[in-house]
Each structure stands twice: as C-alpha cells, then as structure tokens.
There are 2 protein chains.
Amino acid sequence: MPEKDFVSWSHAREIWEIAMELRHLRYFIAVADAGSLTVAAEQKLHTSQPSLSRQIRDLEAEVGVQLIHRSAHGVELTPAGKVFLDHTRMALVQAEAAKEAAQRAAQPARPSFALGFMSGA
Amino acid sequence: MPEKDFVSWSHAREIWEIAMELRHLRYFIAVADAGSLTVAAEQKLHTSQPSLSRQIRDLEAEVGVQLIHRSAHGVELTPAGKVFLDHTRMALVQAEAAKEAAQRAAQPARPSFALGFMSGA
DNA sequence: ATGGTTTACGTTTTGCGTAATCATC
DNA sequence: GATGATTACGCAAAACGTAAACCAT
C-alpha cells in the first residue's frame, strides 16, 4: 500500500512533473565552483561551452529564476542562485547517499552508518 | 573560490560522474508506490510499461543492486530497494526545495503588487 | 487463460560538438 | 583586440510507443 505521508509538499505539483534533472544540478554546481562557463565545461565537466550554456539556460527556465549573472569576466551567482546552490548540493548528496545506502543494504554484513544532514529553513 | 568542505564524500567518485537522473528516481518511486510496473506507468507516469521497465532496469544497473523483485502479481521492493526508496524521496524533496527556495529568494522583500499563489496572512 | 513483465524494433526527441556570431572590457 | 557567452546546425545517442513474446499463477 502506498505510504506517502512522510512529508508534505509545499505546492500541489506532483513530483512526476519535475523537469529538472540531476545533470542540470551537476552542471550548475560546476559553474558556480568555477565561476565561468568556459572553465567549468572544459576543466570540470569535459564538455563544450555551448552545451553547458544551454543546460544552464534550460535550468533557469525550469526554475523560473535567473541563477547566474553573465559578464565578460565570467559568471556570478545571483542571490537566488546562491540559495539554489546550497539546496542543490544537498540534493546531489542525497542522491549519492541513496545509491550507497542501497549498495550497503545489499551486503548484509556491513553495519550501516547514517549520512545525515538537515534541510534548510 | 570553491567552498566544498560542507560535507565529506564517502567515496572518491566525483559528483559529475553520477549517471543517475531524477527521472529514474521519479520512476522508481512511482513503481514502489503502485507496486506494479503496469499501473505505475499507465496511471501515474502516463507512459508505457516497456519504457518504464527499461528505465528501472537501467537504474538497477547504475546502482549495481537489485531494487525490486518481479513476480506475476506485480513487483515487490527488495530490502535494498526499501532503503533506496527512502533516500530517493529525500533527494526529490531536496531538489524541489531547491527550486522553491530559489523562487522565494528571487522575490523582493515586500511585493508591491501581489500576484500571489499562496493564501498567506 | 489471465495478469504482468520483458524483448524487439522503428520513430522521435534531445543532448552534444563544431563553427560562427555577439557582447563587453 | 581578446576573452567569454550565445546562436545555428548537423549528428549521435537515448527515450518513447507499439507489437509480440515470455513467465507464473
């Protein structure tokens, strides 16, 4: 039976309707860390700038908020972008934790340790 | 400058190398809730069973663990699958929270004209 | 025989890379 | 003029849908 009362959603949108993908979040984190689309693409993600530029643009369209400010020197996070970055990191960590927890659970002998964290205010 | 000491990773794998996507997690949650690939596909995800079957299979390959046990009555979560489900839900919630936090941060402190979507005080 | 999952295959979407363009300092 | 982001476009990979096959009850 479906137990879905573990958390309450802020809005009515169902989780199946989220268009955002982890790839977008990874790209955004790389850009934020590098401060530049160019170096993030080439040195971190091993992809091309145009690809990365488009993914970031798609992400901003999905969120509906401008996350970075483009300039000639590189990119700079907007206030909304900084907030988004923090949550984004946690989401990635959670996804990776899910994978590792499943792998750990599949091997019965290992004691499980919790990789816990708090969700922001 | 990259601030990345907010959490320590369990393994050396970089986050850019994660092949898992939120779509896989959404699909998995739907299957777990429905207890069946067929009804999850048709009634929740509005897609086809073969598509869903392949996505779940891909997810299991990525995680490296069998997450569901197929039977004639439907599907049943393996112990690893149950653990994975919990973390997966949190990851989805985090991702959605990131989006909403960014939208909230983009709103000025005092909205002069309310195109509000929430019935607040 | 029925309910449910998987395989096969053709179609369509979409992400990606190269090259060219625009903008800012 | 040089650095960096965007647009245009062709290609390749992957997701999707339909149909057929398989498996257990």
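Every chain is numbered from 1 and lettered A, B, ... according to where its sequence line falls, protein lines coming before strand lines.
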Test side-chain contact (heavy atoms from CB on, under 4.5 Å) applied to A:Ala72 - qualifying residues, sequence neighbours left out: none
For C:dG4 and B:Thr38 - does any side-chain N or O of the residue sit under 4.0 Å from the phosphate oxygens OP1/OP2? no
What distance separates B:Arg104 CZ from B:Glu100 CD, expressed to the nearest 0.5 Å? 6.5 Å
Starting from P on C:dT7, measure out to CD1 on B:Ile56 and report it in whole angstrom. 14 Å
Report the end-to-end axis angle of the helix from C:dA1-D:dT25 to C:dC25-D:dG1; each axis comes from five terminal pairs, and the value is rounded to 10°. 30°
Mind jotting down which residue pairs meet the side chain to side chain donor-acceptor pair (under 3.5 Å) criterion with at least one end in residues 50-59 of chain A? Sequence neighbours excluded, please. A:Arg23-A:Gln55, A:His24-A:Gln55
Whole Å only: how far is the CZ atom of B:Arg70 from the C1' atom of C:dG3? 17 Å
B:Ala40: side-chain contact (heavy atoms from CB on, under 4.5 Å) partners, not counting sequence neighbours: B:Ala30, B:Val31, B:Ala34, B:Leu52
From the 5' end of DNA chain D to its 3' end, which nucleotides mark the outer limits of contact with chain B, defined by a 4.0 Å heavy-atom distance cut-off (strictly under)? D:dA15 to D:dT25
Would A:Arg26 and B:Glu21 pass as an ion pair if we require N to O under 4.0 Å? yes
Shortest non-hydrogen separation from A:Phe84 to B:Ala98 and the atoms involved: CD1-O, 3.2 Å
Please list, chain by chain and in numerical order, all residues satisfying ring pair (Phe, Tyr, Trp, His ring centres under 6.0 Å) with B:Tyr27, sequence neighbours excluded. none
Would you give a per-nucleotide map of nucleotides 12-25 of chain C, 5' to 3', where B means the base has a protein non-hydrogen atom under 4.0 Å away, S means only the sugar-phosphate does, and - means neither? ---SBBBB-----S
Could you list all the side chain to side chain donor-acceptor pair (under 3.5 Å) pairs where at least one residue sits in residues 66-82 of chain B, not counting sequence neighbours? B:Glu60-B:Arg70
For B:Val65, give me all partners under side-chain contact (heavy atoms from CB on, under 4.5 Å), at least two apart in sequence or on another chain. A:Gln103, A:Ala106, B:Val63, B:Leu67, B:Ala80
Holding to side-chain contact (heavy atoms from CB on, under 4.5 Å), I want the full list of residues that pass it with B:Gln43, two or more places apart in sequence or in another chain. B:Val39
